Amino acid sequence: MKMSKMFVQTLREFPSDAEVVSHKMLARAGYIKKLTSGVYNYMPLMWRVLKKIENIVRDEMDKAGAQELLMPFVQPKELWEESGRWDAYGRELMRLKDRHDRVMCLGPTHEEIITALARDVLKSYKQLPVNLYQIQSKFRDEVRPRYGLLRGREFIMKDAYSFDTSQEGLNKEYENMAKAYTNIFNRCGLPTKMVQSDSGAIGGSVSHEFMVITDTDAGENDVFYCDDCDYSANSNHAVSKLLPAEVDGAKYFTKTEVIDTPNTHSIEELSKFLNIPSTLILKTLVYIVDKKPVLALIRADKAVEETKLMNAVGGVEIRIASSAEIAELMADKGFDAVPGFIGPNGMDGITIIADETVRDMKNFVVGINKTDRHLVGANLSDIPAIENYVDIRLVEAGELCPQCGRPLKVTKGIEVGNIFQLGTKYSKPMKAFYLDENGKAQPYIMGCYGIGISRTAAAAVEAHHDEHGIKWPISIAPYHVVIVPVNIKDELQMKVAGEMYEKLLSAGVEVVLDDRDERAGVKFKDADLIGFPFRVTVGKTINDGLVEYKVRETGEVLTLKPEEAVEKLTDIILSK
Ligand code: ATP
Ligand code: MG
């Protein structure tokens, strides 16, 4: 490829809406161009990277015994009604109507389509197990599309679905996919951590995510892990053993009574005013789950994990209530308390979820929906009966590992892939059955396995860059080498550069010749920004028969004869 002909536009500045490194660099180096919110053009450089990742994924999936197919992107509502997800999926599902007023959606994932396909084709146990995958654009109307390719609305995903006749079969395939995923990400130059996770809108019970560990803002997930054993989990799924804490307020409160607690709007103010630790306060938080208010009760030194709470309610969308919504709830129940004084009493008809930390509390303090007042010395018999306690607590670093009891640590991660055991979550409602050895109809035992292809490319940039630009791993770089003649008017420089270019090309190396009439400094800057793993500079030293060979990753520079440089590059690149 000649640089002068490349369809690329590098920018002088980072785009103003870019917050994370991968978005900044991919946009500035001309890999992506935004069309509209969360929707990008993949320019030729980007497309080369994406195709390389796709091909690694294909290779490993095929080796693992899966078969590739391609399903339609536009999907009919009826199948989503069969699975029960038409209502359950929420607003990420982009719904539309065709000219006949038939309701459709843009595929955010393909469980419904593949299950319908399987039930038509896989009629006998003799045809099972099967694992089918595709690589395709998905559309999700994300609440907050951001970070460029990391969280787009239209993005490329590999999604695979397995069909088995038994849980043992599914377990085996799950392991098989976990291994394939580890290989895939290693080959992409991206070491990942496999962590336990919540299974979200897809459903099912067991699931793991593959996280690229990063200390940048781009890591949207908190991963809790233990150095002493193999425990690691996304914060939406992590559990811990608590450190000992004071949970009986008998020494502060001799009787149960309502007292004045003026201006104690926060837990901090209240514990200071009463001179007690916050572990003796029962905190009541108001959330809105699928448009309805929900009260969450938790020991006040701990925070609520929203996904856990949402799952406990069985909802699909959750957010903390606004002060206006709290005021409305208060008015509805005949109270006029402001936030800080809310409590569970008198909230008939409202869903109340209590965290496990509440169970052990005695002689505690709780809001009673009266501004500037609290009930102190309260016990569980003083609040509405709690049928069961659920873990809705956000784990904190330093709490103890649920497996081995050592302190947990926390880090940030970018989820690049995940694997789920679906069981019969789709096959049962969609009546996707096969006939077993006895001629009896049985639902398939299913698994599903996703990889964000475009997110993986962006995660690779998060993991491999410096202040000058991207440092692509060789396996997914758009090109391996750039040859930079310093002065294109210099005949010898151009001749040597051209010869090296041809030799590398014919050896199978992917190479760019920067034949633009630009200052050398500009070309070097672009080469670093774009992130070619190797640069060969043909400048004045060519008069002594030498060129400069530079490795982007390490900054290593060698002065070599042109034929030595060609040989070295060919050896390194073709051995990868
Ligand atoms: P997240 O928690 O990040 O929203 P998810 O759980 O919704 O991800 P899945 O539905 O399991 O993700 O999708 C499979 C893979 O697709 C994810 O592991 C991720 O790599 C990728 N992916 C999901 N949503 C997006 C997005 N909005 N933009 C880019 N890639 C995405
Ligand atoms: Mg999502």
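If you read the sequence from its start, that first residue is 1, and numbering goes on from there. Owing to the predicted nature of the structure, the values given are computational and were not obtained by experimental measurement. Order of listing sets the numbers, starting from 1, for every ligand and every atom in it.
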Q: Would you mind telling me if ligand 1 is within reach of the side chain of Thr109, the backbone, both or neither, using heavy atoms under 4.0 Å?
A: neither
Q: Kindly say whether Met104 contributes a backbone atom to a donor-acceptor pair with the side chain of Asp98 at under 3.5 angstrom?
A: no
Q) Between the candidates Glu220, Glu415, Glu142, which shows the shortest non-hydrogen contact distance to atom 8 (O) of ligand 1? A) Glu415
Q | Nearest candidate to atom 9 (P) of ligand 1, where distance is taken over non-hydrogen atoms, out of Lys138, Glu92, Arg140 | A | Arg140
Any nitrogen or oxygen of [X], side chain or backbone, less than 3.5 Å from one on ligand 1?
X	result
Phe155	no
Glu209	no
Gly152	yes
Met157	no

Q | Gln136 and Asp159: side chain donor to acceptor below 3.5 Å | A | no
So is [X] close enough to ligand 1, meaning a heavy atom under 4.0 angstrom away?
X	value
Phe420	yes
Val416	yes
Ile156	no
Leu150	yes

Q) Should the pair Tyr434 and Tyr444 be assigned to parallel (<30°), tilted (30 to 60°) or perpendicular (>60°) ring geometry? A) parallel
Q: Apply the salt bridge (charged side-chain N to carboxylate O under 4.0 Å, His left out) test between Glu396 and each candidate in Lys302, Lys241, Lys409; give the one that qualifies.
A: Lys302
Q: May I ask you to establish whether Arg455 and Phe155 are in a cation-pi arrangement, using a distance under 6.0 Å from NZ or CZ to the six-membered ring centre and at most 45° from the ring axis?
A: no
Q: Check ring pair (Phe, Tyr, Trp, His ring centres under 6.0 Å) between Trp86 and all other residues, then give those that pass, not counting sequence neighbours.
A: none
Q: Give the C-alpha distance, both sets of side-chain angles, the deciding distance and a yes or no for side-chain hydrogen bond (donor to acceptor under 3.5 Å, both in side chains) between Asn221 and Glu415.
A: CA-CA 7 Å; Asn221 300 273; Glu415 176 200 325; 5.0 Å; no
(Q) Give me each pair satisfying ring-ring contact (aromatic ring centres under 6.0 Å, His included) with a member in residues 10-45, each pair once, sequence neighbours excluded. (A) His23-Tyr40, Tyr31-Trp472
Q | Atoms of ligand 1 close to Gly417 [distance to a heavy atom under 4.0 angstrom, numbered from 1] | A | 18 (O)
